[in-house]
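Per chain, numbering begins at 1; letters A, B, ... match sequence-line order.
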There are 2 protein chains.
Amino acid sequence: MDIKHYMNVVGQAARKASRAIARADTNQKNKALLAIADAIERDLERLVAANMVDLENARQNGLEEALIDRLTLSEKTVRGMAEGLRQIAALPDPVGEMDDFTYRPSGIQLGKMRVPLGVVGIIYEARPNVTADAAGLCLKSGNAVILRGGSEAFNSNQAIAACVHEGLRVADLPLHAVQVLETTDRAAVGELITMSEFVDVIVPRGGKGLIERISREARVPVIKHLDGNCHVYIDDTANPDKAFNIALNAKTHRYGTCNTMETLLVHTAFAEFILPRLAAAYWEKGVELRGCERTQGILGDKVVAATEADWETEYLAPVLAIKVVGGIDDAIEHINHYGSHHTDAIVTDDYGRARRFLREVDSASVMVNASTRFADGFEYGLGAEIGISTDKIHARGPVGLHGLTSQKWIVLGDGQIRQ
Amino acid sequence: MDIKHYMNVVGQAARKASRAIARADTNQKNKALLAIADAIERDLERLVAANMVDLENARQNGLEEALIDRLTLSEKTVRGMAEGLRQIAALPDPVGEMDDFTYRPSGIQLGKMRVPLGVVGIIYEARPNVTADAAGLCLKSGNAVILRGGSEAFNSNQAIAACVHEGLRVADLPLHAVQVLETTDRAAVGELITMSEFVDVIVPRGGKGLIERISREARVPVIKHLDGNCHVYIDDTANPDKAFNIALNAKTHRYGTCNTMETLLVHTAFAEFILPRLAAAYWEKGVELRGCERTQGILGDKVVAATEADWETEYLAPVLAIKVVGGIDDAIEHINHYGSHHTDAIVTDDYGRARRFLREVDSASVMVNASTRFADGFEYGLGAEIGISTDKIHARGPVGLHGLTSQKWIVLGDGQIRQ
C-alpha cells in the first residue's frame, strides 16, 4: 500500500465530507447518532467477537495486562458506547449558535456564529470505545473525522466503523464523514499530522511519549493533554470534614486518572490537626506518603522524604506527596510552579482566599471545596469528551462539542461601505 | 552576545512578569496605558528623531519605498499610537469575566473564567506603531509580551519601549511585562518560537514567507494570517446600487489591505445588467480586469482572460478577477475552494440565500450587504488588533483582547466528592 497516496485520498474525501456534515441539520445528525447506537447494540455479539480476535493477538504478542484491560470490549462497554451516542444526540447542537450581536457606529451589525473546525484527526491507543465516542462528538459538532486507532484494536475498530457507517447511511450523510484508517502502518500517522490542507486539528490520546512526539512533528494544530499533576490545598479556614473527604476522594477514588490529586498542600496552622487523621485513612487504603520535613515531623518515619522530583510527578498510582505551606501565597506559588495546569482545588471557608485561588491558579480547572475528580467531560455535562486539553489556546480542560468548534464573525449590513 | 542565554533570561523574566500582570487590576492596567500614551505624546520629537535614524539607515541600505513608508513615524502616526492606547484603556477588561454558570447534577456549580494566555511573542516587520499597539493589547489582556520588531525599525522600537516602560513604572507594574528585544540577531526568533516553557503563543506579522517559515519551525502555537483572497458575490436579487457601491468599495477603497476583494462573482442573470456599469467605474480608477469567458463576452477584449491562478491570487493591487456564476451554489463552492477563508460577502435581498451564505461560507468573516473592508479590529470595535487570524482554532478573523485570552473552568462546591 502506498501510504502517502492512501492518506491523500482519505484526506480529500474527509475535506469533501466535512462540507456536507457542516451543513447537515440537527435532526439529520441525531438520526445518524441514534442509528449508530442501535446498530452497535444490535451487533453486540459481532463486536465482542471481533474484539476477541484482537485480544487473542494481544495475548500472543505478550501485551501487558493493563493494556489488555483497556482493549477489552465487554457487553457493558458496548452498551456504554451506545448510551454515550444517545447522550450526544440529546445535547444541544453547537453548530450555527449565534451570539454577541451589536451595532457598530458604521451601521453594520456584528456578531458571531459557531462553526465546525472542519476535519479532525484523532490518534489513539487501545480503547476501541474511543472510536464510537469520537465519531459521535465529531458528527454532532459538524466535523469530519479521521480515526487512527492502535494496531492492537484493529478488528474491534473496524467492526465499530461498520456500525458508524450504517448510521451515516440511514441519515443520508456521507460515509467519509467518519473514516477509520484501514492501515496500521505508522507512516500513516506521519501523513495525518502534516497534511494541513486536509486536516484542521489533531487530537492525540495516549501516553505522554506519543503525544510529545506528535506535537513535535505535527504541522497541523494539536489539542493535547500532557500531565495531570493535580493539587488540593487545605487552608487553615477549611471545614475539617470537607477537607478530609475531598483530600481522600481526590487521591483514592481512582489512582490512574489524570484528575487524581498527586500533591496535597496543607496550611501550616492546620497541618497538625488534619494530617494525622488523613494519613491514617491513606495508609488504610495502602497509599504511600512522601512528605516535606514538616510533614515528616508530624507523621513520623513512615513518611518517605519527598524530593524535588516528587513535586513534579504524576504518579498515577497509590502514592501521594504532601507539603506543609505557609498559606495561600505559598500554595498558589507551588501549584503554578510545579503543577501541570490541569486541575487544582482549594478547601477553604474564607471568601477572599477562594476568590484569589480561582483567579490566580493558572489551571484548566480551578475548584473551591470540590474534589479534583470532577474534572471530566461527563461531570461537566459535555457528554463524552474528545480529550482533556492542557494547552492554553483554543480549549482548556475537558474538550466536548464546543471545543470541536470555532466562531466566525458575521456582519449584517444594508449596503454599508467603508468611508 | 550569547543569544540562547539572552533569550532564556528574557523568557524567564517574561514568565515571571506574566503572573504579576495577570493579577493586576483594571485600574492599574489602565493607569499604565494612559501613562504610556502621555509619554509617547510628550516624547513625540524624540520618537521622530529616533525614527529618522532608522529611515536614514533604510535609505542607505536601499530599502524599497513601500517599506520606508511603513517604517515612517510621522506626528500623525505617533498621535495615533497614543490615541490607540487610550482606546484600549477605555475597553472593558476581559480578564476575570465569568459566565455560563450552571449547577450540575452532582451539586457542583460549573462556569468559566476568562484568563490571559500568559506570555505572547510577537514578530513583526517595519511598522514601529505595532510596538505600542501590541504592548497595549497584551497589557490590557493581562499578558506579558516579548516583541521582536524588524531590524530596520530598531531605534524607533527602542524609543517606544522607553515610553512603555515609563508607563509600567508609573503603574507599579513589572517592566518585564513588555520586553522589546535588544538584538536584531535572527537566531533570537528561532529561540523565541521554540521556547515553549516561556512562551504560550506566537503572533507573526509580516509577509507570507516570514509567516510560513515561523509556522513551520515553531514549537509554540502560532496565531497566523496568511492570504486575504476575499470575494464579493452579487446575487441576481441584489439591490443594484448596493451591489455597485459594495463591489466598488471592496476593491478600490484600498488596494494593499488583506480585506480587499480580489475576485468578484456575479450571478449569471445579473451580469449583463451590472457588469458594464461596474467595469466602467473600475477602469476609471485604473483597475485591471481579468475575467472568465462570459465576463469577456459581456465586457469585451479589454478584459484579460483569467486563468486558474487568478482565482487563487491575492493581488494586493489594482487588479480584479471576475467570474460569472450560475448562482449561490456555484458562488459558495468557488469561495470555499479558491478563497483563503478570510472575508467574503454576498449582496442579496433574498432572505434564504443570505442565511445559506452566512452558514456555508467557511471564512473568518462572512458578510451580507456590506463591504469586505469592514473586517478589521477597529471597525469590529476591538480597539487595535494584534493581527487577523486565518486559522480555524482559537481565534478567527481580527484578534483583539479576547483573542489574547482563554477560558478556564471554575467549579464552586460545598464539599462535593465524586461518587
Within this structure, what is the NZ-CZ distance for the pair B:Lys408 and A:Arg396, rounded to the nearest 0.5 Å?
7.0 Å
Return the option, out of B:Glu360, B:Met98, B:Arg356, with the maximum number of heavy-atom pairs under 4.5 Å with chain A.
B:Glu360
Against chain A, work out which of B:Val347, B:Ile223, B:Asn239, B:Asn336 has the most heavy-atom pairs shorter than 4.5 Å and name it.
B:Asn336
Side chain from CB out, backbone as N, CA, C, O: work out which of these in B:Val366 comes under 4.5 Å of a heavy atom of chain A, or both, or neither.
both
Looking only at B:Gly96, B:Ala364, B:Ser406, B:Gly397, most heavy-atom pairs under 4.5 Å shared with chain A are made by B:Ala364
Value rounded to 0.5 Å, distance of CD in B:Glu379 from CD1 in A:Ile108
6.5 Å
Answer with side chain, backbone, both or neither: which region of B:Asp344 has an atom nearer than 4.5 Å to a non-hydrogen atom of chain A?
neither
Region of B:Phe244 in contact with chain A, defined by heavy-atom distances below 4.5 Å
neither
Which bit of B:Arg254 comes within less than 4.5 Å of chain A, counting heavy atoms only: side chain, backbone, both or neither?
neither
Do A:Trp409 and B:Ser363 make a side-chain contact, defined as non-hydrogen atoms from C-beta onward lying under 4.5 Å apart?
no
Pair up each side-chain donor or acceptor in residues 213-221 of chain B with any protein partner under 3.5 Å, not counting sequence neighbours, and list the distances.
{"residue": "B:Ser215", "atom": "OG", "partner": "B:Ile211", "partner atom": "O", "Å": "2.8"}
{"residue": "B:Arg219", "atom": "NH2", "partner": "A:Arg216", "partner atom": "O", "Å": "3.3"}

Chain A contact via B:Pro398 - which portion, at a heavy-atom distance below 4.5 Å:
both
Side chain A:Arg19, main chain B:Asp362, donor-acceptor under 3.5 Å:
no
If I measure from the heavy atoms of chain B, does A:Phe378 come under 4.5 Å with its side chain, its backbone, both, or neither?
backbone
Output the option from A:Leu110, A:Val95, A:Thr102 having the highest count of non-hydrogen pairs under 4.5 Å with chain B.
A:Leu110
A:Tyr380 side, atom OH; B:Lys112 side, atom NZ - distance, nearest 0.5 Å
11.0 Å
Distance in Å, A:Ile393 CD1 paired with B:Thr405 OG1, rounded so as to fall on 0.5 Å steps
11.5 Å
Applying a strict 4.5 Å limit to non-hydrogen atoms, the region of A:Arg104 in contact with chain B is side chain
Above 12 or not: heavy atoms from other molecules or residues under 6.0 Å from OH of B:Tyr103?
no
Neighbours of chain B found in residues 410-419 of chain A - heavy atoms under 4.5 Å
A:Ile410, A:Val411, A:Leu412, A:Gly413, A:Asp414, A:Gly415, A:Gln416, A:Ile417, A:Arg418, A:Gln419
Roughly how far, to the nearest 0.5 Å, is CG of A:Asp100 from NE2 of B:His402?
8.0 Å
Side-chain donor or acceptor of B:Lys392 paired with backbone N/O of A:Leu117 under 3.5 Å
yes
How far does OG of B:Ser196 sit from CG of A:Asp391, to the nearest 0.5 angstrom?
10.5 Å
Would you say B:Arg359's side chain and A:Ala22's backbone share a donor-acceptor pair under 3.5 angstrom?
yes
